[in-house]
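The structure is given below, and queries will be raised subsequently.
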Amino acid sequence: QVQLVESGGGSVQAGGSLRLSCVASAMTFTTSGYCLAWFRQAPGKEREGVAALDSDGGSHVANSLLGRFTISQDNAKNTLYLQMNSLKPEDTAMYYCAAGPFLRCTTGSWIHAMDYWGKGTQVTIAS
């Protein structure tokens with residue numbers, strides 16, 4: 001059973017930084033590659049795709065977050081990261097890690113559907 005466990009959320013002042021981590025285990029579907037992604041959902045709003053990264057090293061960050069958010073991974077630690085800088089109050093949300101097969105990233109379908117989800121970590125930005 002695939003498990004995704006997020007950490008690193010918290011409360012910071014606007015302009016600050018946070019780095020979220022997601023440890024992935026039992027990714028048995030990855031024999032043909034994988035797609036890992038971060039999503040967020042603020043209260044009363046729809047879930048939003050933040051960034052995705054595939055097993056070939058390809059990555060995508062939502063246009064509105066380019067320059068502030070960076071996605072990366074440490075294969076040795078089976079960990080996905082989201083570095084968030086210059087944080088704004090509107091970045092306040094629950095952040096989720098998600099995983100799926102390689103094609104989710106290459107087709108862009110990760111935005112709409114992923115196969116496995118973590119429970120999330122809360123990020124709160126104070127103005």
Side-chain angles (χ1 to χ4, degrees):
Q1 182 73 11
V2 175
Q3 288 191 331
L4 303 168
V5 180
E6 304 96 334
S7 62
S11 298
V12 298
Q13 293 290 320
S17 298
L18 282 173
R19 188 177 78 160
L20 305 183
S21 300
C22 172
V23 177
S25 60
M27 299 236 307
T28 56
F29 64 90
T30 61
T31 54
S32 300
Y34 57 80
C35 178
L36 297 172
W38 288 100
F39 292 79
R40 67 184 184 183
Q41 188 166 21
K45 294 189 176 182
E46 292 190 355
R47 186 180 67 200
E48 174 187 14
V50 173
L53 182 149
D54 66 46
S55 47
D56 278 355
S59 64
H60 172 83
V61 176
N63 288 340
S64 62
L65 302 174
L66 281 171
R68 295 197 301 123
F69 286 23
T70 303
I71 189 170
S72 63
Q73 64 179 331
D74 184 331
N75 290 328
K77 297 181 179 180
N78 294 327
T79 301
L80 179 73
Y81 299 104
L82 183 68
Q83 179 67 44
M84 306 185 295
N85 299 327
S86 302
L87 285 161
K88 305 175 181 180
E90 51 264 42
D91 294 319
T92 295
M94 184 71 81
Y95 283 72
Y96 298 91
C97 175
F102 183 72
L103 285 177
R104 293 283 191 210
C105 276
T106 57
T107 62
S109 66
W110 68 274
I111 286 283
H112 306 294
M114 289 289 267
D115 302 72
Y116 304 96
W117 294 84
K119 294 183 178 181
T121 185
Q122 178 67 40
V123 171
T124 303
I125 311 303
S127 58

Under the rule for ring-ring contact (aromatic ring centres under 6.0 Å, His included), what residues qualify as partners of W110, not counting sequence neighbours?
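F39, H60.
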Would you confirm whether T121, through its side chain, and Y95, through its main-chain N or O, come within 3.5 Å as a donor-acceptor pair?
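No.
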Give, for atom CG of L36 and atom OG of S55, the distance between the pair rounded to the nearest 0.5 Å.
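L36 atom CG to S55 atom OG measures 8.5 Å (nearest 0.5 Å).
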Qualifying salt bridge (charged side-chain N to carboxylate O under 4.0 Å, His left out) pairs, either residue in residues 118-127, two or more places apart
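Residue pairs with at least one partner in residues 118-127: there are none.
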I'd like a table of donor-acceptor pairs (distance under 3.5 Å, sequence neighbours excluded) in which one partner is a side-chain atom from residues 9-21, with atom names and distances.
{"from": "S17", "atom 1": "OG", "to": "N85", "atom 2": "OD1", "distance (Å)": "2.9"}

Side chains of Y34 and Q73, heavy atoms from C-beta outward: is any pair under 4.5 Å?
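Yes, at least one pair of side-chain atoms sits under 4.5 Å.
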In chain order, what residues pass the side chain to side chain contact (heavy atoms under 4.5 Å, CB included) check against S72, with sequence neighbours excluded?
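By the side chain to side chain contact (heavy atoms under 4.5 Å, CB included) rule, S72 matches Y81.
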Tell me, which pairs form a salt bridge (charged side-chain N to carboxylate O under 4.0 Å, His left out) where one or both residues lie in residues 75-98, sequence neighbours left out?
R40-D91, R68-D91
For D54 and D56, indicate whether the former's side chain and the latter's backbone hold a donor-acceptor pair under 3.5 Å.
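Yes; at least one donor-acceptor contact below 3.5 Å.
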Side chain proximity check, W117 to V2, heavy atoms < 4.5 angstrom
no
Do L66 and L82 belong to the same hydrophobic cluster, where Ile, Leu, Val, Met, Phe, Trp and Tyr are linked whenever their side-chain heavy atoms lie under 4.5 Å apart, directly or via other members?
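Yes, one cluster joins them.
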Answer yes or no: is there a donor N or O on one side and an acceptor on the other, between the side chain of E6 and the main chain of C22, under 3.5 Å?
no
Does the side chain of I71 reach to within under 4.5 Å of the side chain of L80, using non-hydrogen atoms?
yes
Applying salt bridge (Lys or Arg N to Asp or Glu O under 4.0 Å), can you list everything that pairs with R47, at least two apart in sequence or on another chain?
none
For residues L103 and T107, report the shortest heavy-atom separation together with the two atoms involved.
O-OG1, 2.6 Å
For residues C35 and A52, report the shortest heavy-atom separation together with the two atoms involved.
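For C35 versus A52, the nearest heavy atoms are SG-CB, 4.4 Å.
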Single-linkage hydrophobic cluster, 4.5 Å side-chain cutoff, W38 and I125 together
yes
Are side-chain heavy atoms of D115 and R104 found at a separation under 4.5 Å?
yes
Is any side-chain heavy atom of L4 closer than 4.5 Å to one of Y96?
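A side-chain contact under 4.5 Å is absent here.
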